[in-house]
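Computed from a prediction, not measured in an experiment: that's the story for all the values here. In this chain, numbering begins with 1 at the start of the sequence shown.
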Amino acid sequence: MPGLSSIFPPRRLTEHLRRGARHALDLLLPPHCLSCGAEVAQAGHVCAECFTHLHLIAAPSCRRCGIPFTSEAAAGDSLTCHDCLHAPPPWEAGRAALVYDDWSRRLILGLKYGDRTENAALLARYMYLSGRDLLHPDAILVPVPLHRRRLFTRRYNQSALLAGELSRLGGIAHWPDTLMRIRHTRPLGHMVGAQRRAVLDGAITVRPHRRPDLRGRHVILVDDVITTGSTLGACAVALRGHGVARVDVLSAARVCPPAGTRSVTDTVSLPN
């Protein structure tokens, strides 16, 4: 009697076994929505009700920071928002998958503080769709770093988990040890943009062993939420200082201005 390896090539056999294991696990432990906990057909997804509330950012959006425009007319020919026109960020292009609101907050805060590391795979799939025009094969995915003190208490870097999932989806290099925070900064959640930039000045640098390999490369910074962009800006400046040719940013979510305003307000508050 022929063995399994003679019926299925090794790669196909592995996939068949993986599917069988998933099916058996689903029978024992029915999968649940990552947002509300309702039963769903497939693990690692949200239910239909929660999905209808997720605000995916689609075109047109600002090409520099990813903030969505209300219409094609509002986007204009430059596809650049008011803030980025008057104070361009220190990176080239920016994309975000979701508007940061009550529904996306459940997924992101669950990942960030609630040990819901399984949320990273779902968020990364949305990020991949949003940023696929940036995800070139020769790019390097670099997560925004945590200070070792915060990493010790949280046990993982949520941005590194997102970058790792993106690397798996796109077959792109992931260098999680590229950046480091050399100074522990106080929480930024209640600070305005200028205060954040002052606190972060000189707090992020490139690890010495990575510096020679970065010259002339294309780096995509990965983060969970873009608020004012101050942290991403500090990372981009550090990378530029060591010869990186191009820096783009890709985030799971983007804080967006309230209706009727032009920019993200300085009163935005996020947990750290």
Side-chain angles (χ1 to χ4, degrees), residues 61-66 78-80 83-85 87-97 120 124 127-151 156-185 188 193 196-252 254:
S61 62
C62 175
R63 66 182 183 88
R64 299 300 298 270
C65 73
S78 68
L79 289 176
T80 307
D83 285 0
C84 290
L85 278 174
W91 61 77
E92 295 298 322
R95 303 286 185 274
M127 294 168 70
Y128 182 82
L129 293 174
S130 176
R132 58 187 178 272
D133 61 320
L134 306 179
L135 296 167
H136 304 299
D138 61 345
I140 303 166
L141 295 165
V142 172
V144 170
L146 292 178
H147 188 269
R148 62 181 180 274
R149 189 185 306 176
R150 189 161 293 160
L151 184 60
Y156 57 86
N157 178 355
Q158 72 280 356
S159 297
L161 294 181
L162 292 170
E165 291 291 341
L166 283 167
S167 174
R168 184 183 62 81
L169 288 170
I172 299 171
H174 173 213
W175 292 3
D177 60 344
T178 299
L179 294 170
M180 63 177 176
R181 291 193 185 231
I182 57 176
R183 190 175 71 248
H184 181 66
T185 57
L188 306 176
R196 290 175 181 231
R197 288 189 292 273
V199 167
L200 289 164
D201 185 32
I204 297 174
T205 190
V206 177
R207 292 183 184 273
H209 75 281
R210 284 298 189 191
R211 293 172 185 176
D213 300 324
L214 286 171
R215 188 164 299 277
R217 300 299 298 270
H218 172 203
V219 169
I220 302 173
L221 283 167
V222 178
D223 204 3
D224 54 351
V225 181
I226 302 176
T227 309
T228 65
S230 300
T231 302
L232 286 164
C235 293
V237 168
L239 291 165
R240 290 285 198 185
H242 291 282
V244 171
R246 178 184 174 111
V247 180
D248 296 326
V249 302
L250 180 56
S251 177
R254 178 73 166 90

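- Side chains of L221 and W91 form no contact here, defined as non-hydrogen atoms less than 4.5 Å apart.
- Under the 3.5 Å distance criterion, the side-chain polar atoms of R254 are matched with a main-chain donor or acceptor of C65.
- Taking all atoms of both residues into account, the shortest heavy-atom contact from L161 to A120 is CB-CB, 4.0 Å.
- Of the possible donor and acceptor atoms, one in the side chain of R181 sits under 3.5 Å from a partner among the backbone N and O of P145.
- Summarising the geometry, atom CD1 belonging to I182 is positioned 5.5 Å from atom OG1 belonging to T205; distances are rounded to the nearest 0.5 Å.
- Every residue meeting the side chain to side chain contact (heavy atoms under 4.5 Å, CB included) condition with A97, not counting sequence neighbours, appears here in chain and number order: Y126, M127, S130.
- With a 4.5 Å cut-off on side-chain heavy atoms, L250 and L162 do not count as touching.
- The distance from atom CG of L151 to atom CE of M180, rounded to the nearest 0.5 Å, is 14.0 Å.
- Scored by the side chain to side chain contact (heavy atoms under 4.5 Å, CB included) test, R217 finds I140, W175 as partners (sequence neighbours excluded).
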Chi angles and distances behind the side-chain contact (heavy atoms from CB on, under 4.5 Å) call for L179, V144: CA-CA 7 Å; L179 294 170; V144 170; over 6 Å; no
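- Residue N157 holds its CG atom at 4.0 Å from CG of L146, rounded to the nearest 0.5 Å.
- Here the shortest heavy-atom pairing between H218 and L134 reads CE1-O, 3.4 Å.
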Please evaluate residues L141 and L135 with respect to the criterion side-chain contact (heavy atoms from CB on, under 4.5 Å), reporting the C-alpha separation (whole Å), side-chain torsions for both, the decisive distance (0.1 Å), and the verdict. CA-CA 9 Å; L141 295 165; L135 296 167; 4.0 Å; yes
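- Separation of atoms CZ (R210) and OG1 (T178) is listed at 5.0 Å; rounding is to 0.5 Å.
- The shortest side-chain heavy-atom distance between V237 and I204 does not fall under the 4.5 Å cut-off.
- Although no hydrogens or angles enter the test, the distance criterion places no donor-acceptor pair under 3.5 Å between the side chain of T80 and the main chain of C62.
- Looking at S167, its side chain never comes within 3.5 Å of a backbone N or O of A173 through a donor-acceptor pair.
- In this structure, D83 and R64 have side chains that are not in contact, with every pair of non-hydrogen atoms separated by 4.5 Å or more.
- Although no hydrogens or angles enter the test, the distance criterion places no donor-acceptor pair under 3.5 Å between the side chain of R211 and the main chain of H242.
- Judged by distance alone, with hydrogens and angles left aside, the side-chain atoms of R240 form a donor-acceptor pair with the main-chain N or O of A245 at under 3.5 Å.
- A donor-acceptor distance shorter than 3.5 angstrom exists from the side chain of H147 to the backbone of R149, with no hydrogens or angles considered.
- Remark: side-chain polar atoms of R95 are not paired, donor with acceptor, to backbone N or O of S251 under 3.5 angstrom.
- In this structure, CG on L166 lies 9.0 Å from NE2 on H174, to the nearest 0.5 angstrom.
- Without hydrogens or angle criteria, S230 side chain to T228 main chain gives no donor-acceptor distance under 3.5 Å.
- D248 contributes a side-chain N or O that, together with a main-chain N or O of A93, makes up a donor-acceptor pair within less than 3.5 Å.
- Partners of L129 under the side chain to side chain contact (heavy atoms under 4.5 Å, CB included) rule, at least two apart in sequence or in another chain, are R132.
- Contact annotation: the side chain of L232 approaches that of I226 to within less than 4.5 Å [non-hydrogen atoms, C-beta and beyond].
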